[in-house]
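See structure below.
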Amino acid sequence: MDRRFVIRETATVGPEIVRLVVEAPRVATHARAGQFVIVRANEHGERIPLTICEADPAAGTITLVVQAVGATTVQMNAKEVGDHLADVLGPLGTPTEIELFGTCLVVAGGVGTAIVLPVAHALSNAGNRVVAIVGARDADHLILLDEMGVACDDVIITTDDGSAGLHGFVTDALAMLISTSTVDYVFAAGPIPMMRAVAEATRGDKIVTVASLNPLMVDGTGMCGGCRVTVGGASQFACVDGPEFDAHQVDFAALATRNTAYLAFESCRLGEIGAEIDA
Ligand code: NAD
Ligand code: FES
C-alpha cells in the first residue's frame with residue numbers, strides 16, 4: 001500500500017470541520033501563503049482544492065481544514081491518524097502578493113478562517129499591523145481563534161446570533177472599522193455573499209481589497225477551464241491566475257451561479273457515501 005500522504009493528526013475544530021495534519025514534505029517545503037493543494041481522498045475519488053492552512057517544512061507536514069459539505073470531504077473527515085490520502089498535488093496557485101501596506105484588515109467568514117490564517121501570518125511577518133474580523137453563524141462555528149490571535153495584532157469576533165463577540169455579520173464590524181480608522185488593505189475569504197459584501201463596503205473608499213475565490217476545480221493547472229471566473233470583464237483561471245483577485249473587479253454573481261452547477265449530483269453522491277460509511 002502507498003504510505004505517502006499519511007495523516008499524522010486529526011482534530012475536530014467545529015461542527016463537521018476537521019483539521020488534518022498530513023505528511024507532504026515537498027509541498028511543505030515550497031508552500032507560500034495563498035497557495036492550495038488538489039487532493040484525492042481515495043484512489044478513485046474526485047479531486048478537490050484545499051488551501052494550505054499551515055506548512056511545517058521541518059516536520060514535512062501541511063495542515064488542511066476540511067468542512068464536510070460533499071462526498072469527498074465527508075470521506076476525508078472520516079479518516080483517522082495513520083490513514084493516508086491518495087494524492088496531494090501542489091503547492092498550486094499564485095501566492096498572495098505581500099507588501100508593507102500599513103494597517104491590514106483580514107476578514108474571515110466561517111471556514112474561510114483557514115484561508116485567512118496563512119495570509120495574516122505573511123502580512124504580519126512583512127511588518128503590517130494586522131487586524132482580523134472573524135465571523136461565524138454561532139460560537140460553535142468559530143474556528144482557529146487561538147491561531148488567529150497569534151498571527152494578528154487584534155481579533156474582532158462576530159456571530160450572526162450574538163452567541164459570541166459582536167452580534168452581526170463580519171461586514172458590520174468592517175463598516176465600523178472603516179468609518180473610525182485608517183485601513184490600507186483588506187483581505188477576505190468566506191462565503192460568496194460575504195466576499196461580495198466586503199467588496200462593496202470598501203469600493204467607495206478605494207481600499208485595496210483582495211478576495212480568495214472558491215470556484216469548482218478539476219486539474220488545478222489551467223488545463224480544464226473548470227475554475228473559470230470573470231474578473232474585470234475578462235475570463236481568468238482561478239487555479240493559476242488566482243485564487244486571489246481584486247475583489248472590486250470580481251463578478252461574484254457569475255461565480256455563485258457556476259458553483260451551484262453540480263448541486264443535485266453532489267447531493268445524490270453524498271447520500272451514497274453516507275450509506276457506505278454507515279455500512
Ligand atoms: P457561513 O455561511 O456560516 O457564514 C460565515 C460568516 O460570513 C457569517 O457569520 C457572516 O459574518 C458572513 N456572511 C455570510 N453571509 C453574508 C452576507 N450576505 N453579507 C455579509 N456577511 C456575510 O459560512 P460557512 O458555512 O462557514 O462557509 C461556508 C461557505 O464558505 C461555503 O459557501 C464555502 O464554499 C465557502 N468557502 C469559501 C472559501 C474561500 O476560499 N473563499 C473557502 C472555503 C469555503
Ligand atoms: Fe482546471 Fe483551473 S481547475 S483550469
Side-chain angles (χ1 to χ4, degrees), residues 13-17 33-39 46-53 64-70 73 89-90 92-94 96 106-119 132-144 156-175 187-202 210-229 235-245 247 250 252-253 255-256 258-260 262-263 266:
V13 295
E16 300 186 328
I17 308 172
Q35 292 190 294
F36 64 95
V37 287
I38 295 266
V39 173
E46 65 171 341
R47 299 155 65 90
I48 60 161
L50 291 168
T51 296
I52 302 165
C53 181
L64 306 173
V65 173
V66 186
Q67 184 181 38
V69 289
T73 47
L89 172 68
L92 300 171
T94 302
T96 311
V106 293
V107 187
V111 75
T113 310
I115 287 91
V116 168
L117 178 62
V119 176
I133 305 172
V134 180
R137 61 189 73 167
D138 56 34
D140 287 347
H141 284 80
L142 288 163
I143 63 167
L144 303 174
I156 296 165
I157 293 168
T158 68
T159 49
D160 303 3
D161 68 354
S163 53
L166 303 174
H167 188 175
F169 281 172
V170 285
T171 40
D172 296 321
L174 176 65
F187 181 91
I192 293 168
M194 183 210 98
M195 294 190 286
R196 179 164 44 192
V198 169
E200 291 314 313
T202 61
V210 174
S212 178
L213 305 188
N214 58 329
L216 302 173
M217 290 191 187
V218 182
D219 66 302
T221 59
M223 304 286 281
C224 71
C227 65
R228 195 171 71 247
V229 292
S235 284
Q236 302 270 313
F237 289 165
C239 67
V240 288
D241 302 318
E244 297 170 7
F245 294 98
V250 172
F252 286 106
L255 175 61
R258 282 181 66 85
N259 272 15
T260 58
Y262 298 104
L263 274 187
E266 185 59 44

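Residues take their numbers from the sequence shown, with the count starting at 1. All ligand and atom numbering here is 1-based and tracks the order in the structure.
- The shortest side-chain heavy-atom distance between Cys224 and Phe237 does not fall under the 4.5 Å cut-off.
- Near Ala197, with a cut-off below 4.0 Å to any heavy atom, the atoms of ligand 1 are 19 (N), 20 (C).
- What you find for Met217 and Cys227 is that their closest heavy atoms are CG-CB, 3.7 Å.
- Given atom 23 (O) of ligand 1, the protein heavy atom at minimum distance is Pro191 CG, 3.5 Å.
- To the nearest 0.5 Å, atom CD1 of residue Ile52 and atom CD1 of residue Ile115 are 11.5 Å apart.
- Looking from atom 18 (N) of ligand 1 to the surrounding protein, the closest heavy atom is Pro193 CB, 3.4 Å.
- The main-chain N or O of Asp219 is found under 3.5 Å from a side-chain atom of Arg47 such that the two form a donor-acceptor pair.
- Remark: the backbone N or O of Arg228 is not paired with any side-chain donor or acceptor of Ser235 at under 3.5 angstrom.
- The CG atom of Leu92 sits 7.5 Å away from atom CD of Gln35, with the distance rounded to the nearest 0.5 Å.
- You'll find the side chain of Met195 reaches within 4.5 Å of the side chain of Phe252, heavy atoms only.
- The backbone N or O of Ala175 sits nowhere less than 3.5 Å from a side-chain atom of Asp172 that would complete a donor-acceptor pair.
- Within 4.0 Å of ligand 2, the residues that place a heavy atom are Met217, Val218, Asp219, Gly220, Gly222, Met223, Cys224, Gly225, Gly226, Cys227, Cys239, listed by chain and number.
- The distance from atom CG of Leu216 to atom CD1 of Ile48, rounded to the nearest 0.5 Å, is 11.5 Å.
- Annotation for ligand 1: atoms under 4.0 Å from non-hydrogen atoms of Thr171 are 20 (C), 21 (N).
- Backbone and side-chain nitrogen or oxygen atoms of Ala189 are examined, and none is located within less than 3.5 angstrom of a nitrogen or oxygen of ligand 1.
- Using a 4.0 Å cut-off between heavy atoms, Gln67 contacts ligand 1 through its side chain alone, with no backbone atom that close.
- Shown in contact with Gly109 at under 4.0 Å from a heavy atom are these atoms of ligand 1, numbered in order with element: 5 (C), 6 (C), 7 (O).
- Although no hydrogens or angles enter the test, the distance criterion places no donor-acceptor pair under 3.5 Å between the side chain of Thr51 and the main chain of Phe36.
- Those atoms of ligand 1 with a heavy atom of Ala136 less than 4.0 angstrom away are 9 (O).
- Every atom of ligand 1 with a heavy atom of Ile115 under 4.0 Å away is listed here by number and element: 40 (O), 42 (C), 43 (C).
- You'll find the side chain of Val250 stays beyond 4.5 Å of the side chain of Val229, heavy atoms only.
- In this structure, the protein non-hydrogen atom closest to atom 34 (O) of ligand 1 is Asn214 ND2, 2.8 Å.
- Among all protein heavy atoms, the one lying closest to atom 19 (N) of ligand 1 is Phe169 CD1, 3.4 Å.
- Of the protein's heavy atoms, Ser212 O, 3.3 Å lies nearest to atom 40 (O) of ligand 1.
- The backbone N or O of Asp160 sits less than 3.5 Å from a side-chain atom of His167, completing a donor-acceptor pair.
- For Met195, no nitrogen or oxygen atom sits less than 3.5 Å from a nitrogen or oxygen atom of ligand 1, counting backbone and side chain alike.
- Within the 3.5 Å criterion, the main-chain N or O of Pro243 finds no donor-acceptor partner in the side chain of Ser212.
- For atom 31 (C) of ligand 1, the nearest protein heavy atom lies 4.0 Å away or farther.
- With a heavy-atom cut-off of 4.0 Å, Val111 touches ligand 1 through backbone and side chain alike.
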